[in-house]
Amino acid sequence: MRFAPNPSGPLHIGHARAAIPNGEYVKKCGGKFILRIEDTDPKRIYEPAYELIQEDLKWLGIEPDEVYYQSDRFEIYYQYAEELIKRGAAYMCTCDGGEFKKLKDNCQACPCRDNTVEENMELWKKFPEMEAGEAVLRVKTDINHKNPAIRDWVAMRIVEEEHPRMGTKYRVYPMMNFSVSVDDHLLGMTHVLRGKDHLANSEKQKYLYQHMGWEIPEFIHYGRLKMEDIALSTSKAMAGIEDGTYSGWDDPRLGTLKAIARRGIQPETITQLMVEIGIKMSDSAISWKKIYGLNRNIIEQKVNRYFFVPNPVKIDIADVPEEDLGLTIERPLHPDFEERGNRTLVFNSEVYIPEADLTDGISRLMDAVNVEIKDGNASFHSKSFEDAREAKARIIQWVPTDAIKAKVVMDDASVTEGLCEIDCNDLKVGDIVQFERFGFARLDEIKDDELIFYYAHK
RNA sequence: GCUCCGAUGGUGUAGUCCGGCCAAUCAUUUCGGCCUUUCGAGCCGAAGACUCGGGUUCGAAUCCCGGUCGGAGCACCA
């Protein structure tokens with residue numbers, strides 16, 4: 001099995017849709033997982049992507065057995081192109097692209113198709129000296145094929161741009177359909193699993209296999225993935241990063257794996273999602289809710305709880321009984337796992353609560369006391385939880401005045417400022433927490449006296 | 001326009017090949033209830049689907065024909 005991306009950017013969720021089923025097949029049925037970087041169009045190479053792709057694949061938990069760069073394999077492609085010419089299965093076409101299309105669309109062969117092998121070989125030898133557009137190498141298919149797209153497709157063309165890895169060493173470049181078929185055959189691919197946008201390409205490639213007398217692999221196609229709200233397109237993301245709309249490849253609004261990882265979505269979540277979607281031909285629309293639900297199932301019991309007070313307001317609670325001041329309050333890090341221990345908060349009359357909770361009525365500060373709020377002023381109401389129940393109090397989180405500054409970058413890239421409890425100092429970058437009543441978030445950065453989190457989901 | 005493909009609850013799927021055991025699976029979602037000092041989880045309950053029209057058949061989600069809707073491809077990109 002193989003995963004063969006174009007190195008135009010880091011991997012996004014659409015790539016995962018291709019990589020994961022290939023990886024799962026190898027896990028289940030054995031065989032090799034080959035990563036082949038298809039860098040045969042210098043215009044579409046984003047150099048850092050060579051690294052990024054491997055990083056992202058690793059994040060997904062996929063370790064390729066072998067890695068190939070197509071730009072290392074030009075000589076191989078030349079060798080097979082020549083062989084193809086010798087077999088009379090390909091010809092050098094010097095027609096203008098537009099002219100050719102006109103003929104082709106009417107099931108007409110162009111004059112070049114009748115070149116002798118010798119004529120073709122001669123042109124092939126001169127190919128490297130030609131200018132872009134002067135000639136191409138075409139594979140003979142069926143000029144009467146009912147799908148015009150299949151008719152005599154291009155295998156080789158001239159590219160004058162400099163290649164990031166190869167410089168100007170090569171001018172004759174293989175087209176994707178050619179290099180892919182040669183590699184798939186040479187690397188022993190038994191199954192080719194790819195998106196249905198390649199349906200016509202599979203058809204084209206079959207002609208090449210037949211010309212060469214190769215065994216045709218099993219072509220399997222799957223439908224498109226439609227994600228709500230995000231632009232999957234790498235080029236759009238790139239443009240947005242350049243003009244400053246997005247902060248980088250891991251901007252939370254993007255669908256890149258880096259962005260997803262930054263928010264604390266687990267690789268297992270993505271794998272599970274792709275396995276569930278399967279490889280059927282019809283398109284699938286997936287919602288964030290679905291991803292969040294799966295992710296919650298995975299992280300819910302792993303991560304610890306803390307208090308975070310968004311948009312905090314300070315209240316000074318009047319009439320707190322003397323004996324309740326300075327109380328040390330312990331709350332479990334996870335209610336179902338007592339053995340993880342507790343975090344501690346010290347209660348005094350001055351506390352911060354979320355602005356949204358500063359509404360008239362009785363509220364219970366979790367594990368502390370019940371307060372009555374009226375016109376923005378708070379006064380002691382009672383102490384026990386039973387009293388809170390009786391008063392139908394809302395139960396809210398709070399932090400003492402020793403709280404730490406925190407920012408949470410939300411999924412729309414807006415920032416919620418607030419305070420989190422002091423025990424959050426124990427957290428390391430990369431840790432995921434659940435802020436009670438707020439949602440799951442991943443600690444992204446510790447900046448001086450401030451913690452910066454990325455919001456995952458409820 | 002041409003070529004090809006697809007269609008099961010809000011979403012993702014199982015079932016379709018080899019018609020009956022499908023008044024349709026599982027998950028997510030939404031809404032109630034119980035429990036719980038958050039949320040979530042858990043437990044209980046509920047909501048919600050075979051694209052439409054014909055045909056074949058004793059019997060159709062499943063087979064056939066047609067319509068509709070949706071998607072992909074139609075490059076000297078991958």
Side-chain angles (χ1 to χ4, degrees), chain A residues 4-8 37-45 70 93 95-98 100-101 104-105 130 132-138 145-151 153-160 172-177 179-180 194-204 221-226 228 234-235 272-278 280-297 299-301 303 305-308 329 331-332 334-336 364-368 370 384-386 388-389 393-398 434-440 457-458:
Chain A
N6 171 249
S8 57
I37 303 213
E38 311 221 314
D39 53 347
T40 54
D41 181 9
K43 286 193 277 299
R44 297 193 10 164
I45 296 174
Q70 287 195 315
C93 176
C95 298
D96 172 76
F100 180 86
K101 185 175 180 352
K104 174 193 83 168
D105 287 346
M130 293 188 196
E134 212 179 319
V136 294
L137 180 72
R138 287 186 185 279
H145 193 106
K146 56 184 174 175
N147 183 353
I150 310 295
R151 298 171 197 158
W153 49 272
V154 175
M156 291 277 188
R157 88 292 200 180
I158 298 290
V159 173
E160 293 177 336
V172 177
Y173 275 65
M175 293 292 288
M176 165 274 202
N177 273 309
S179 51
V180 161
R194 59 187 172 197
K196 69 176 183 185
D197 43 327
H198 286 291
L199 229 30
N201 291 323
S202 296
E203 194 62 26
K204 290 183 189 181
H221 301 91
Y222 51 78
R224 304 249 307 175
L225 198 61
K226 286 183 287 190
E228 63 177 10
T234 301
S235 52
Q272 208 174 317
L273 178 71
M274 296 308 166
V275 168
E276 194 174 302
I277 289 172
K280 54 178 217 161
M281 272 272 244
S282 49
D283 298 346
S284 308
I286 51 169
S287 65
W288 282 106
K289 274 188 178 166
K290 176 80 182 175
I291 294 178
Y292 296 159
L294 292 173
N295 199 58
R296 190 156 46 226
N297 289 340
I299 64 175
E300 197 278 323
Q301 35 180 264
V303 311
R305 274 65 172 152
Y306 291 96
F307 283 162
F308 168 70
I329 285 156
R331 261 184 82 73
H334 193 299
D336 300 338
R364 175 166 182 81
L365 305 184
M366 269 186 232
D367 274 334
N370 310 319
S384 74
F385 176 62
E386 288 67 32
R389 267 281 156 102
R394 170 168 44 189
I395 297 164
I396 63 172
Q397 81 276 30
W398 55 281
Q434 187 195 44
F435 285 136
E436 303 194 36
R437 293 183 72 227
F438 185 78
F440 292 91
H457 47 76
K458 268 281 182 202

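We name chains A, B, ... by the order of the sequence lines, and we start the count at 1 in each one. Since this is a predicted model, take the numbers as computed values, not measurements.
Distance from the side chain of A:D336 is smallest to B:rG40 among B:rU37, B:rC76, B:rG40. Here the nucleotide nearest the side chain of A:T40, chosen from B:rC76, B:rU13, B:rA78, is B:rA78. Minimum atom distance to the side chain of A:Q434 is reached by B:rG40, of the listed B:rC76, B:rA78, B:rG40. Of all nucleotides listed (B:rU13, B:rG40, B:rU11), B:rG40 comes nearest to the side chain of A:R296. In this structure, the nucleotide among B:rU37, B:rG12, B:rA75 sitting nearest to the side chain of A:F385 is B:rU37. Nearest to the side chain of A:K226, among B:rG70, B:rA78, B:rU37, sits B:rG70. Listed candidates were B:rU8, B:rA75, B:rU37. Nearest to the side chain of A:K104 is B:rA75. Set against B:rG73, B:rC77, B:rC76, the side chain of A:R138 has B:rC76 as its closest nucleotide. Checking B:rG71, B:rA75, B:rU13 against every side-chain atom of A:K280, the shortest atom distance belongs to B:rU13. Distances were taken from every side-chain heavy atom of A:S287 (C-beta onward) to each of B:rU11, B:rA78, B:rG71; the shortest belongs to B:rU11.
A:Y222 places its OH atom 18 Å from the C1' atom of B:rU13, with the value rounded to the nearest Å. Going from atom NE2 of A:H334 over to atom C1' of B:rC39 covers 11 Å, rounded to whole Å. B:rA75 atom C1' lies 12 Å from atom CG of A:D105, rounded to whole Å. Across the protein-nucleic acid pair, A:K101 atom NZ and B:rG1 atom C1' stand 11 Å apart, rounded to whole Å. As a whole-Å value, the separation of A:I299 CD1 from B:rA41 C1' is 13 Å. To the nearest angstrom, C1' of B:rG40 lies 15 Å from CD1 of A:I395. Spacing between atom OH of A:Y292 and atom P of B:rG12 amounts to 17 Å, rounded to whole angstrom units. Rounded to whole Å, the distance from CD on A:Q397 to P on B:rG40 is 14 Å.
Side-chain contact check for A:D39 versus A:N6: every heavy-atom pair is 4.5 Å or farther apart. Counting heavy atoms from C-beta on, the side chains of A:K204 and A:N201 come closer than 4.5 Å. Looking at heavy atoms from C-beta onward, A:W288 lies out of side-chain contact with A:H457 at the 4.5 angstrom threshold. Proximity of A:E38 to A:M176: side-chain heavy atoms (C-beta onward) are separated by under 4.5 Å at one or more points. When side chains are defined from C-beta on, A:P42 counts as touching A:V159, because their heavy atoms get closer than 4.5 Å.
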Pairs under 3.5 angstrom, nitrogen or oxygen only, protein versus nucleotides 24-27 of chain B, please.
| residue | atom | partner | partner atom | Å |
| --- | --- | --- | --- | --- |
| B:rA27 | N3 | A:K290 | NZ | 3.3 |

Restricting both atoms to N or O, compile the protein contacts to nucleotides 3-6 of chain B shorter than 3.5 Å, with distance only.
| residue | atom | partner | partner atom | Å |
| --- | --- | --- | --- | --- |
| B:rU3 | O2' | A:N147 | ND2 | 3.4 |
| B:rC4 | OP1 | A:K146 | NZ | 2.8 |

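Looking only at atom types and distance, the side chain of A:S235 has no donor-acceptor partner in the side chain of A:R44 under 3.5 Å away.
Residue-to-nucleotide proximity on RNA chain B shows that, of A:D39 and A:L365, the 5′-proximal contact is made by A:L365. Of the two residues contacting RNA chain B, namely A:K289 and A:E134, the nearest-nucleotide position lying further toward the 5' end is that of A:K289.
Heavy atoms of other residues, nucleotides or ligands lying less than 6.0 angstrom from CD of A:Q301 number 12 at most.
Ring centroid separation for the pair A:F438 and A:F308 comes in under the 6.0 Å cut-off.
RNA chain B contains the following stems of three or more consecutive Watson-Crick or G-U pairs, with both distances under 3.5 Å: B:1-7 with B:68-74, B:10-12 with B:26-28, B:29-34 with B:42-47, B:51-55 with B:63-67.
Look at A:R194 and you won't find any side-chain N or O under 4.0 angstrom from OP1 or OP2 of B:rG73. Side-chain N/O atoms of A:R224 include one lying less than 4.0 angstrom from OP1 or OP2 on B:rA72. Using a 4.0 Å cut-off, some side-chain N or O of A:S284 falls inside it from OP1 or OP2 of B:rU13.
The P atoms of B:rG33 and B:rG40 are separated by 13 Å, rounded to the nearest whole Å.
Within 4.0 Å of A:M175, counting heavy atoms only, lie sugar-phosphate atoms of the nucleic acid but no base atom.
The main-chain N or O of A:R224 is found under 3.5 Å from a side-chain atom of A:D283 such that the two form a donor-acceptor pair.
Looking at A:D197, its side chain has no donor and acceptor atom pair within 3.5 Å of the base of B:rG71.
Cation-pi contact between A:R138 and A:F100: present, with separation from the ring centre below 6.0 Å and deviation from the ring axis of at most 45°.
Using a 4.0 Å cut-off between charged nitrogen and carboxylate oxygen, A:K146 and A:E203 do not count as a salt-bridge pair.
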